[in-house]
Amino acid sequence: MDYQFAAIEQKWQKFWAENQTFKADSNSTKPKYYVLDMFPYPSGAGLHVGHPLGYIASDIFSRYKRLKGFNVLHPMGYDSFGLPAEQYAIQTGQHPAITTEANIATYRRQLDQIGFSFDWSREVRTSEPGYYKWTQWIFMQLFNSWYNLETDKAEDITTLIEKFNASGSADVKAVCDEDILSFMPSDWATFTAEQKQEELLKYRLTYLKESTVNWCPALGTVLANDEVKDGFSERGGYPVEQKKMMQWSMRISAYAERLLQGLNTIDWPEPVKEMQRNWIGKSVGASVRFKINTSNLNTQYTILNTDFIEVFTTRVDTIFGVSFIVLAPEHELVQALTTEAQKESITNYIAQTKKKSELDRMADTKTVSGAFTGSYVINPVNNELVPIWIADYVLAGYGTGAVMGVPSGDQRDWLFAKHFDLPIIQILDGQKAIEVEADPTKEGKYINSDFINNLGYKEAVSYLNHWLEREGVGKAKVNYRMRDAIFGRQRYWGEPIPVYFKDGLPYLIKEEELPLMLPEIDKYLPTESGEPPLGRATDWSYEKQYEYELSTMPGWAGSSWYWYRYMDAQNDCEFASKDAIAYWKDVDLYIGGSEHATGHLLYSRFWNKFLKDLGYVNEEEPFKKLINQGMIQGRSSITYRLKFDLVSNIQIEENEIEALEVKKQTLPQVFISSEMIKGLQEDVQKRLDLENNLNNIYLTEDLNSVSCRLKISTDIYYNLFTPIHTDVNIVNNDILNVEDFKTFLNGEFEKSIFISEGPFRCGFEIEKMSKRYYNVVNPEVLAQQYGADTLRMYEMFLGPLEQSKPWNTNGIEGVFKFLRKFWRLFHNEEWVFHVEDSIPAKAELKALHKIIKKVQDDVERFSFNTSVSSFMIAVNELTDLKCKNRQVLEDLVIVLSPYAPHICEELWSLLGNKDLSNAAYPTFNPAYLEEAEFAYPISINGKMKMNLSLSLSLDETQATETVLANEQVKGYLEGKAPKKIIFVKGKIVNIVV
RNA sequence: GCUCGGAUGGUGGAACUGGUAGACACGCAGGACUUAAAAUCCUGUGCCCUCAACAGGCGUGCGGGUUCGAUUCCCGCUCCGAGUACCA
């Protein structure tokens with residue numbers, strides 16, 4: 001029989017499902033291998049052809065590893081909490097659980113069609129109570145923990161309480177809020193239970209605190225920093241503003257250093273690591289306290305219990321060059337520091353800054369602005385008075401919200417000093433041209449710098465750090481840009497936070513009360529009083545008296561630990577059993593998009609480290625190797641419509657011009673095939689010819705009836721055409737199906753004229769794959785048309801996995817033809833299955849072992865596209881050899897099976913075998929590839945001239961002699977004597993003359 | 001601005017450690033089969049010169065360098081894509 005892909009694929013998909021072929025065993029003696037895909041959010045649009053790219057790659061890898069004797073865990077699930085389902089619920093009243101369920105069914109159907117080797121018995125859905133029970137449980141562990149800097153790990157909160165009992169707050173070295181109390185053990189004993197809770201909250205790894213948050217009014221929720229892009233929400237693109245709110249946060253900053261160091265131990269793409277490094281934003285420097293000069297300040301100052309301004313600097317060595325201090329306009333000391341005389345200008349400046357949005361502030365980095373407070377600080381190193389300014393180039397959220405201005409070494413400070421006429425002090429003899437711009441060099445010796453004069457950079461930094469610490473005015477400090485992550489969302493469709501409030505303080509519910517179920521509500525909107533949707537739930541309170549937390553968890557909560565749930569997905573007693581975790585350990589290969597670089601991948605590492613600190617898991621890093629699959633862009637088809645005007649043949653009145661315009665609307669539209677476009681753009685004569693043709697042939701009747709003629713029009717950019725996005729499904733290899741096009745867009749082009757030299761061709765444009773460009777390609781359609789095996793191989797054939805590329809269905813035929821040719825290897829002319837039990841020929845073995853080695857090498861380095869070509873070569877070779885040998889073909893089936901599993905299963909069973917997924921990958925034997933001769937390329941002066949076959953046993957002298965004796969070579973040398981001959985065995989001969 | 005990635009025929013791409021650039025596939029052209037078309041099969045296909053073959057010249061974004069030899073290594077530049085940005 002001919003290759004009947006539809007029947008074959010259905011048969012084997014059913015077989016795998018019924019036999020649970022890919023169910024992973026957690027009690028195996030085989031070595032484990034864990035291959036994970038980033039699980040999808042089940043959106044309403046379903047999968048497009050870009051989604052399965054990574055899944056296909058990971059599936060090939062999983063199937064390959066299985067053949068290589070590994071016990072493979074390859075699961076799939078759904079990140080099923082999220083905003084789109086809730087937005088849809090708001091519009092339609094449909095419960096998000098129902099939409100989500102329906103979307104999952106679509107995803108599952110689409111995934112099943114591609115023949116993945118997922119272990120579906122381990123499927124997870126983050127929105128299922130059985131799953132989010134454990135997300136809530138982890139939240140509780142975080143709430144019950146603090147970060148001990150002495151042991152450099154998270155510990156149970158009880159160890160902190162013990163320390164408070166024993167020695168008060170003095171001995172505690174923790175990552176905590178800034179406003180902690182300092183107290184003696186005796187004080188702690190007198191604290192009320194509430195006071196204790198309040199204080200402990202400042203140490204917990206998830207905590208409630210008044211914070212400045214990204215508030216998105218359109219979505220009605222706060223967003224984490226990584227969910228905001230350029231001042232707009234990542235989902236939906238709505239504006240985001242800053243707002244102070246009581247919010248749950250995760251103390252991820254405690255892990256900043258470990259998250260940074262861990263990057264050096266994992267095999268991830270460099271850009272992702274770099275993004276995480278930038279996000280963490282470590283800078284090494286010093287914090288310095290500048291004492292405030294109080295002599296001319298009003299009484300307001302005394303209300304503040306501080307007498308200094310603290311700055312963070314990475315260039316403490318430049319401290320003698322400080323000529324001003326700048327505070328962020330939002331800095332808490334600004335009001336107190338403003339003198340009566342400066343009050344007006346400061347108030348104006350702050351008002352002006354507030355008007356500017358975050359975006360404007362970022363965009364406008366060139367205009368220098370600021371205002372003087374009228375107050376001064378004293379520079380601790382030389383006791384000089386330094387003026388205090390405010391300016392919006394200093395950000396309240398970074399460091400201390402205050403900087404020391406060193407104009408000679410920092411360009412922004414330099415611009416500021418120039419603009420406001422402040423002194424620019426040279427501090428290194430290596431600084432050049434500081435009257436033109438700042439010179440941030442570290443070269444040279446210090447000058448104008450009192451006790452560090454004549455020192456070099458390193459000595460100066462170390463000396464100053466010691467000096468500052470000794471004087472009690474500063475110390476070496478490491479600063480991180482990364483902020484704690486806001487954890488609450490004022491939304492419905494997320495995990496409820498397992499917390500209730502008593503006297504305004506948060507308490508955890510009991511562990512046995514988990515999961516705290518998401519309550520039913522009447523509509524998915526905030527309450528009238530502005531509380532989150534959960535505020536609508538009736539009869540929803542803890543022990544019938546205490547109010548529950550009304551925020552839910554953010555989208556990333558459920559995905560920050562899901563790889564552990566796959567290890568033991570059905571466990572009701574633990575998030576995963578100790579044994580399962582000990583066996584599966586971590587993810588060996590993780591494939592997904594790079595858009596999760598600073599969100600999911602960072603939070604997952606954070607939770608993993610936390611769970612390890614508490615002893616629940618064993619690995620410091622969750623994902624050993626990460627691969628980012630490239631984005632699949634859309635390839636839009638464009639049909640070009642000619643722009644034309646109507647010109648009257650006779651003199652017409654002003655008022656008739658409009659009539660012409662109306663007539664134009666009723667005329668057929670003219671489309672030009674893409675191969676003619678260039679000619680028309682460049683060649684005036686061609687344009688005139690076309691104009692004549694249109695006037696005299698195509699549109700004669702239409703035009704004569706109104707006594708006018710058509711004239712091709714060009715716009716100011718010299719565009720003759722309007723590009724029309726055309727549904728890619730009515731275009732094949734850029735050739736437009738004209739009949740279908742006439743019914744496209746409700747028959748708008750029904751009467752149009754199509755001008756081409758052959759078949760009508762479209763142009764194309766590479767852009768996002770999106771409905772509005774009519775360029776979405778559905779994998780289901782392709783699977784039905786060509787089969788899953790063809791789709792799988794074609795997606796790999798497109799190019800390197802990690803590279804972004806446009807989808808183009810043009811080449812898919814080639815892959816289909818290949819599979820058919822492969823099928824034919826096992827059949828005779830009449831399509832009857834036929835193989836022979838003969839002794840394999842040498843050439844057959846050579847072709848086989850070449851592909852055995854090639855695929856092995858390619859898969860191990862994730863180069864799937866090159867294997868596909870090599871399969872084609874192997875099948876071409878074996879076809880030419882008329883190979884019917886059972887032994888050779890059997891091995892070939894195994895090697896191809898990870899890529900095209902259905903056809904291979906079918907052939908495997910036709911060959912009389914069972915259980916292809918547990919077959920052994922054939923062993924490569926290099927002996928079959930050995931050759932006696934090699935056709936050496938002979939080049940003269942590095943230019944290849946000819947090939948000459950020589951025995952590989954020849955050594956350099958023998959080979960050179962043979963080459964020089966060759967008549968053809970002599971011809972090329974034209975009697976000239978070779979200066980030098982390079983001979984590389986098995987590679988090349990190069991003669992230099 | 002900074003960081004990272006990329007640029008090879010008409011198209012997707014290959015060339016893994018410096019050693020025959022363009023494998024494999026699409027497309028295109030020609031041919032076979034067919035009343036015809038589709039499907040299938042065969043042949044050719046980087047560009048230029050040449051009727052054609054032979055032969056030759058050019059050729060991996062641009063300019064230089066190292067080398068017997070560079071798509072590959074080094075220096076400088078252009079363009080495209082991604083991320084990030086008053087980060088002190």
Side-chain angles (χ1 to χ4, degrees), chain A residues 229-230 269-275 277-279 281-283 285 311-315 318 326 328 361-368 391-395 397-406 409-413 415-416 479-481 594-595 597-598 628 630-631 633 635 675 733-735 758 764 766 794 797-800 802-815 817-818 820 854 857-858 861 863 865-876 935-947 978-984 986-993:
Chain A
K229 291 258 145 42
D230 299 331
E270 204 47 49
V272 176
K273 289 199 201 180
E274 199 56 31
M275 271 190 247
R277 282 190 196 107
N278 289 338
W279 191 261
K282 180 180 184 177
S283 38
V311 303
F312 174 74
T313 175
T314 54
R315 288 296 301 274
T318 64
V326 192
R361 225 167 124 167
M362 283 194 304
D364 182 20
T365 59
K366 291 198 181 68
T367 326
V368 178
D392 61 10
Y393 82 85
V394 177
L395 306 176
Y398 185 75
T400 57
V403 305
M404 56 183 219
V406 184
D410 182 289
Q411 187 58 21
R412 283 160 321 172
D413 294 346
L415 286 169
F416 195 81
N479 201 42
Y480 298 93
R481 189 176 81 104
S594 59
E595 65 272 23
T598 48
N628 292 130
M631 268 209 327
Q633 294 143 303
R635 186 181 189 275
E675 78 274 359
N733 285 338
D734 291 338
I735 293 169
F764 67 90
I766 304 302
Y794 184 61
F797 190 57
L798 273 181
E802 304 190 59
Q803 206 170 293
S804 284
K805 56 224 156 205
W807 177 267
N808 184 351
T809 314
N810 286 357
I812 198 167
E813 298 272 350
V815 174
K817 277 193 236 169
F818 155 75
R820 200 154 168 263
K854 176 72 175 156
D857 292 351
D858 283 352
R861 65 192 173 100
S863 172
N865 57 320
T866 48
S867 312
V868 179
S869 313
S870 305
F871 280 125
M872 292 175 173
I873 294 168
V875 167
N876 288 346
Y936 281 91
I938 311 293
S939 43
I940 315 271
N941 289 338
K943 291 221 187 295
M944 216 287 268
K945 294 290 177 186
M946 56 176 281
N947 281 96
K979 256 192 239 160
K980 189 176 174 187
I981 297 170
I982 283 97
F983 173 82
V984 184
K987 293 262 194 223
I988 201 167
V989 179
N990 188 15
I991 305 169
V992 189
V993 292

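Order of the sequence lines sets the chain letters (A, B, ...), proteins ahead of strands, with each chain counted from 1.
Projected onto RNA chain B by closest heavy-atom contact, A/V868 and A/I735 fall at different nucleotides, the more 5' of which corresponds to A/V868. Heavy-atom nearest nucleotides on RNA chain B were determined for A/I982 and for A/G811, and the one closer to the 5' end corresponds to A/G811.
Nucleotide B/G81 holds its C1' atom 16 Å from the CD atom of A/E802, rounded to whole Å. Atom C1' of nucleotide B/G18 and atom CZ of A/F983 are separated by 18 Å, given to the nearest angstrom. In this structure, A/N876 atom CG and B/C24 atom C1' are separated by 9 Å, rounded to whole Å. One can place OH of A/Y393 at 10 Å from P of B/C87, the figure rounded to the nearest angstrom. The nearest whole Å value for the distance from the CG atom in A/N278 to the C1' atom in B/A82 is 13 Å. Protein atom CE of A/M944 is 15 Å distant from nucleotide atom P of B/G19, rounded to whole Å. Between A/K979 atom NZ and B/G69 atom C1' the separation is 15 Å, expressed in whole Å. When the P atom of B/A39 is taken as reference, atom CD of A/E813 falls 8 Å away, rounded to whole Å.
Look at B/C33: it lacks any Watson-Crick or wobble partner with both distances under 3.5 angstrom. Base pairing annotation: B/A21 forms no Watson-Crick or G-U wobble pair, as no partner gives both donor-acceptor distances under 3.5 Å. Judged by Watson-Crick or G-U wobble contacts below 3.5 Å, the nucleotide B/U78 has B/A7 as its partner. Both distances falling under 3.5 Å, in either a Watson-Crick or a G-U wobble arrangement, place B/G83 opposite B/C2. Taking a pair to require two hydrogen-bonding distances under 3.5 Å in either a Watson-Crick or a G-U wobble arrangement, B/G69 remains unpaired. Figure legend. B/C28 is base-paired to B/G44; pairs are counted as Watson-Crick or G-U wobble with both atom distances under 3.5 Å. Under the Watson-Crick or G-U wobble criterion, with both distances below 3.5 Å, B/C54 is left unpaired in every strand shown. Across the strands present, B/A88 finds no partner; the criterion is a Watson-Crick or G-U wobble pair with both atom distances under 3.5 angstrom.
Counting only heavy atoms from C-beta on, A/M275 has its side chain closest to B/G83 among B/U20, B/G57, B/G83. When distances are taken from the side chain of A/R861 to each of B/A21, B/A15, B/C24, the shortest belongs to B/A15. Of the candidate nucleotides B/A88, B/C68, B/G19, B/G19 has the atom nearest to the side chain of A/I988. Comparing B/U20, B/C16, B/A88 by their nearest atom to the side chain of A/S283 picks out B/A88. Distances from the side chain of A/R412 to the nucleotides B/A15, B/A88, B/G19 place B/A88 closest.
When atom types are taken as modelled, the side chain of A/N947 and the backbone of A/A935 share a donor-acceptor pair closer than 3.5 angstrom. Remark: side-chain polar atoms of A/K805 are paired, donor with acceptor, to backbone N or O of A/P800 under 3.5 angstrom.
To the nearest whole angstrom, the two C1' atoms, one in B/G13 and one in B/U60, are 13 Å apart. B/A15 and B/U20 are spaced 13 Å apart, taking the P atom of each and rounding to whole Å. B/C51 and B/C41 have their C1' atoms separated by 31 Å, with the value rounded to a whole Å. Atom C1' of B/G46 sits at a distance of 31 Å from the matching atom of B/A39, rounded to the whole Å. Separating the P atom of B/A14 from that of B/G61 is a span of 14 Å, rounded to the nearest Å. Look at the P atom in both B/G5 and B/G9: the space between them is 22 Å, to the nearest Å. B/A37 and B/G44: their P atoms are spaced 24 Å apart (whole Å). Using atom P as the reference point in both B/U11 and B/U66, the two lie 34 Å apart (nearest Å).
Taking the six-membered ring for Trp and thresholds of 30 and 60 degrees, A/F312 and A/Y398 have ring planes more than 60 degrees apart, a perpendicular arrangement.
Below the 3.5 angstrom threshold, one finds a donor paired with an acceptor across the side chain of A/D392 and the base of B/C86. A donor-acceptor contact under 3.5 Å is formed by the side chain of A/N990 with the base of B/C68.
Atom OH of A/Y393 sits about 4.0 Å away from atom CG of A/D413, to the nearest 0.5 Å. Rounded to the nearest 0.5 angstrom, A/F797 CZ and A/I812 CD1 are separated by 11.5 Å. A distance of 8.0 Å separates OG of A/S594 from CE of A/M631, quoted to the nearest 0.5 Å.
When the side-chain nitrogen and oxygen atoms of A/K817 are compared with OP1 and OP2 of B/C26, one or more of them lie within a distance under 4.0 Å. Applying the 4.0 Å criterion to OP1 and OP2 of B/A85, one finds that A/R481 has a side-chain N or O inside that range.
One finds a salt bridge joining A/D858 and A/R861 here, because a Lys/Arg side-chain nitrogen approaches an Asp/Glu carboxylate oxygen to under 4.0 Å. Residues A/E813 and A/R820 are not paired through a salt bridge, judged by the lack of any N-O separation under 4.0 Å between the basic side chain and the carboxylate.
Here the closest heavy-atom approach between residue A/T866 and residue A/S863 is recorded as OG1-OG, 2.6 Å. What you find for A/V394 and A/G401 is that their closest heavy atoms are CG1-O, 3.5 Å. When all heavy atoms of A/A328 and A/L395 are compared, the closest pair comes out as CB-C, 3.9 Å.
At a threshold of 4.0 angstrom between heavy atoms, the contacts of A/V992 are confined to the sugar-phosphate backbone, with no base atom among them. Among the heavy atoms of the strands, none lies under 4.0 Å from A/R277. Contact annotation for A/N947: base contact, defined as any heavy-atom pair under 4.0 Å involving a base atom.
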Per-nucleotide protein contact string for nucleotides 4-14 of chain B (B base, S sugar-phosphate only, - none; heavy atom under 4.0 Å): S-------BSS
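Shown here, B/G9 is classed syn by the O4'-C1'-N9-C4 or O4'-C1'-N1-C2 angle, which is within 90° of 0.
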